[in-house]
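Below, chain A is the first sequence line, B the second, and so on; all start at residue 1.
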Amino acid sequence: MQSITRELEQRLTVALRACFGDAAEGVDPMLRPTQDPSFGDYQANFAMALARTLKQKPRDVAEAVVERLDVADLCGPPQVAGPGFINLTLLPAAAGRRLQAIPPAARDGLDRVGIDPTPAPAVVAIDMSSPNLAKEMHVGHLRSTIIGDCIARMLEFEGHHVHRINHVGDWGTQFGMLIEHLRRTHPDVLNDPEHLRLGDLESFYVQAKQRFDADEEFATAARRAVVDLQSGDPATLAVWRAFCEESLRHCHEIYERLDIRVEDRGESFYNDLLPRIVDDLARVGLAVESDGAMCVFLDGFRNREGEPLPMIIRKSDGGYNYDTTDLAALRHRIEALGATRLLYVVGLPQKQHFDMLFAAARKAGWAGDKVELTHIGFGSMLAASGKMFKTREGGTVKLKHLLDEAVERARNVLEANEQDPEKKRGLAPEQMQVIAETVGVGAVKYFDLSHALGSDYKFEWDTMLSMDGNTAPYMLYAYARIRSIGREAGVDYAALPPDTPIVLEHESEIRLGKMLLRLPDVIEQAGREYRPNVITEYLFELSKAYNGFYDRKRGVRVKDATPESVRLSRLRLCDLTARTLKLGLHLLGIGTLEQM
RNA sequence: GCGCCGGUAGCUCAGCCGGAUAGAGCACCGGAUUUCUAAUCCGGCGGUCGCUGGUUCGAGUCCAGCCCGGCGCGCCA
């Protein structure tokens, strides 16, 4: 399904040229969806700006373009309105033809709803999730994980080759005490590292820390473990590896539950590359010594005293820090993975770090002009109180517990409905559990992704689990209902003949049909701007359009519509709506349900 | 002190390189139900878009200053 706006933009560009020749070169037609249906479906806003450079009246410019504009096959007669807007209204027949041309879903694999992949695929590396293996994943990792996966899905859908890189923290001094603690609590760890199981990493960390602070002998041993680890002592490495693998198992329980796949690549992977990073930067004079540390000074970065702010790539004690590791990782992604688009889905507080990282990589020549470096920053998830998300005791909230609660709350809603004779579905307990998982986890994801990335948001259970409004339950219900309608109508949507004409006559049909046609633009925009909430907004609009179409007062009959051609046309609209919802939810990382 | 992000309806949030009368959900009030899954739909109420000035045909959106909140700013990541 090709974008209608792109088509109309091309026609406008042709008309602009015909009217003004070279003066119209490079002029953006500024085609936008209208906000008010009384202005049609799309409006072109170029005339006011162009009139200025042409020294003509805006309305005259608009009239002239309309005169030469050839859109009769798609739109009704273009209208010039207000100061010089050109309003375009899609013809229902043209909309119907376009919908009809959408090919059926592939038998296997993802249903692309007729949208072609890009002819120019790129290799993309997305830095996402990236918890510290020393501790359990907590709510602070949620946004990066969910948003990163969503962006990965959008780019994969476009046809790019995407690496979801889980840049886990598996190195650093804290691992000394963990190794030492592990040795003492699990003396057999080296005999059978595969079967190491630590029930709760959080309390394991706390125990190790307490012992480190209280027991001098232990602390000494822990420090020695750090040295051994860094010098590559095999026995120490083996314990460290066993710990990291166990910690990763904990992470992957969460990822599985979230239906997210990542490529684990710990910071330690880059250890061998770090000396060369410093050497290479020193050789070209980018890294210089300052207070005993090797630093890169970049234009425009100042500390609180107003002096140049360094990026420290080797500490005065000879150790490296995350600036060095991130530089090495960046280089690796470009040189070894062949990535030309490097995305970092990391919280906004780290913006300055990435500004410096990117500046350094550009200056060093490691990232050329063709390489995109983007920090996709996001705001904080706050408790409903508006404060930082904490347990009652002030600790961090484990991600596992958050998801458990989401599913439990979803299940409570389902069970309450089963008590209500009006809403009872007669679901078996196992079915209910599956539905609760999808609804609960989906609600958390959807709620997160439905907010603008940059702003903080308040985590509110009642809002995200509500059946009303822009939520996962509403969207999942809309999908399940459409599927149910197909079953009730005795129709296998997938078996509807692809050449069944789609005829848009009733106002609610026209509205729904036009909404369906916006899909390519929505996906394109969401992917280009890295904005998941463009998709959620659209899905909500689409659901509302569908509910209007299906509404018993304002909508049309579907299942028992006559004649048969109308019934089939409407069933195809149902199918296309379901397929669009499914694709949209898929891009958000949310599965659908046939029944709920 | 410098920098970044935010301030939009009672609450939670949208608002697409500046576009027509600033939107949605919740809450509140009212209406629709012989159910195609009403877990829905329709209507009403509700705003000095933090403040002031500027740019221009046009500013929630861009610029400057100020107020409020959050975060960052040399060897943690």
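When only modelled atom types and interatomic distance are considered, A:Asp323 and A:His353 share a side-chain donor-acceptor pair under 3.5 Å.
With rounding to whole Å, A:Leu476 atom CG is found 16 Å from B:rU40 atom C1'. Nucleotide B:rA20 holds its C1' atom 14 Å from the CD1 atom of A:Ile86, rounded to whole Å. Following rounding to the nearest Å, A:Met464 (CE) and B:rA39 (C1') show an atom-to-atom distance of 18 Å. Straight-line distance from the CD1 atom of A:Ile523 to the P atom of B:rC16: 20 Å, rounded to whole Å. Rounding to whole angstrom units, CD of residue A:Glu594 and C1' of B:rU37 are separated by 14 Å. Atom NE2 in A:His375 sits roughly 12 Å away from atom P in B:rC5 (whole-Å rounding). When rounded to the nearest whole Å, the span between NZ of A:Lys559 and P of B:rU35 equals 12 Å. Rounded to whole Å, atom C1' of B:rA39 lies 18 Å from atom OH of A:Tyr479.
Nearest nucleotide to the side chain of A:Leu414, out of B:rA14, B:rU37, B:rA39: B:rA39. The side chain of A:Phe39 lies closest to B:rA20, out of B:rA20, B:rA39, B:rU37. Here the side chain of A:Pro83 is nearest to one of B:rC16, B:rA22, B:rG19, namely B:rG19.
Base contact: A:Ala480 has a heavy atom under 4.0 Å from a base atom. Residue A:Gly306 is out of contact with every strand shown, counting any heavy-atom pair closer than 4.0 Å. Heavy atoms of A:Asp170 sit nowhere under 4.0 angstrom from any nucleic acid atom. Note on A:Val556: a base of the nucleic acid sits closer than 4.0 angstrom, heavy atoms only. At a threshold of 4.0 angstrom between heavy atoms, the contacts of A:Glu488 are confined to the sugar-phosphate backbone, with no base atom among them. The residue A:Phe301 sits apart from the nucleic acid: no heavy atom pair falls under 4.0 Å. At the heavy-atom level, A:Met596 lies under 4.0 Å from base atoms of the strands shown.
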Seminar exercise, completed: The contact string for nucleotides 72-77 of chain B, one letter per nucleotide 5' to 3', using protein heavy atoms under 4.0 Å with B, S and - for base, sugar-phosphate only and none, comes out as SBBBSB
For this session: Between protein and nucleotides 25-34 of chain B, map the contacts as a letter string: B base, S sugar-phosphate only, - none, heavy atoms under 4.0 Å, written 5' to 3'.
Result: SS-----S--
For this session: Any chance you could list the contact pattern along nucleotides 8-13 of chain B? Use B for base contacts, S for sugar-phosphate-only contacts and - for none, protein heavy atoms under 4.0 Å, 5' to 3'.
Result: ----SS
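Note on residues 446-459 of chain A: pairs passing salt bridge (Lys or Arg N to Asp or Glu O under 4.0 Å), not counting sequence neighbours, are A:Arg143-A:Asp448. Identified under the side chain to side chain donor-acceptor pair (under 3.5 Å) test for residues 468-478 of chain A, with sequence neighbours left out: A:Tyr446-A:Asn470, A:Tyr474-A:Asn547. Judged as a salt bridge (Lys or Arg N to Asp or Glu O under 4.0 Å), the pairs with a partner in residues 32-43 of chain A (not counting sequence neighbours) are, in order, A:Asp41-A:Lys514. Within the structure, the salt bridge (Lys or Arg N to Asp or Glu O under 4.0 Å) test picks out the following pairs touching residues 557-566 of chain A (sequence neighbours left out): A:Glu488-A:Lys559, A:Arg557-A:Asp560, A:Glu564-A:Arg567.
Between A:Tyr538 and B:rA14, a side-chain N or O to OP1/OP2 separation shorter than 4.0 Å is absent. The shortest distance between the side-chain N/O atoms of A:Arg483 and the OP1/OP2 oxygens of B:rU37 is not below 4.0 Å.
With both ends at atom P, the span from B:rU61 to B:rG19 equals 10 Å, rounded to whole Å. Rounded to a whole angstrom, the distance from the C1' atom of B:rU48 to that of B:rC5 is 24 Å. Using C1' as the reference atom, B:rG43 and B:rG70 are 40 Å apart when rounded to the nearest Å. Spacing between B:rC49 and B:rA59 at atom C1', rounded to whole Å, works out to 11 Å. Taking the P atom of each, B:rA14 and B:rG50 are spaced 14 Å apart, rounded to whole Å. Nucleotides B:rA64 and B:rG25, compared at atom P, are 36 Å apart to the nearest Å. Here, B:rC45 and B:rC2 have their C1' atoms 46 Å apart, quoted to the whole Å.
Remark: A:Ile4 CD1 to A:Leu517 CG distance equals 5.0 Å, nearest 0.5 Å. Separating the CD atom in A:Gln525 from the OH atom in A:Tyr538 is a distance of 12.5 Å, to the nearest 0.5 Å. The CZ atom of A:Phe549 sits 6.0 Å away from atom CG of A:Leu512, with the distance rounded to the nearest 0.5 Å.
The residue among A:Gln43 and A:Asn547 whose nearest nucleotide of RNA chain B lies closer to the 5′ end is A:Gln43. Taking the nucleotide of RNA chain B with the nearest heavy atom to each of A:Phe549 and A:Glu418, the more 5' of the two is matched to A:Phe549.
No donor-acceptor contact under 3.5 Å links the side chain of A:Asp36 to the base of B:rA20. You won't find any donor-acceptor pair under 3.5 Å spanning the side chain of A:Arg481 and the base of B:rA38, going by distance alone. At a cut-off of 3.5 angstrom, the base of B:rU37 holds at least one donor-acceptor pair with the side chain of A:Tyr477.
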Quick one: which protein N/O atoms are closer than 3.5 Å to N/O atoms of nucleotides 58-65 of chain B? Pair and distance per line, please.
none

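Of the possible polar contacts, none joining the A:Arg265 side chain to the A:Ala329 backbone as a donor-acceptor pair under 3.5 Å is found. Side-chain atoms of A:Asn417 do not come within 3.5 Å of backbone N or O of A:Lys424 as any donor-acceptor pair.
In this structure, A:His138 and A:His141 have tilted ring planes: the angle between them lies in the 30° to 60° band. Below 30°, between 30° and 60°, or above 60°: for A:Tyr457 and A:Phe447 the angle between ring planes is above 60°, a perpendicular geometry.
Considering only heavy atoms from C-beta on, A:Gln174 stays 4.5 Å or farther from A:Phe212 through its side chain.
Residues satisfying the side-chain hydrogen bond (donor to acceptor under 3.5 Å, both in side chains) criterion with A:Ser268, sequence neighbours excluded, are A:Asp170. A search for side-chain hydrogen bond (donor to acceptor under 3.5 Å, both in side chains) contacts involving A:Asn321 returns A:Thr324, not counting sequence neighbours. For A:Thr374, the side-chain hydrogen bond (donor to acceptor under 3.5 Å, both in side chains) partners two or more places apart in sequence, or in a different chain, are A:Glu372. Every residue was checked against the ring pair (Phe, Tyr, Trp, His ring centres under 6.0 Å) condition with A:His506, not counting sequence neighbours, and none meets it.
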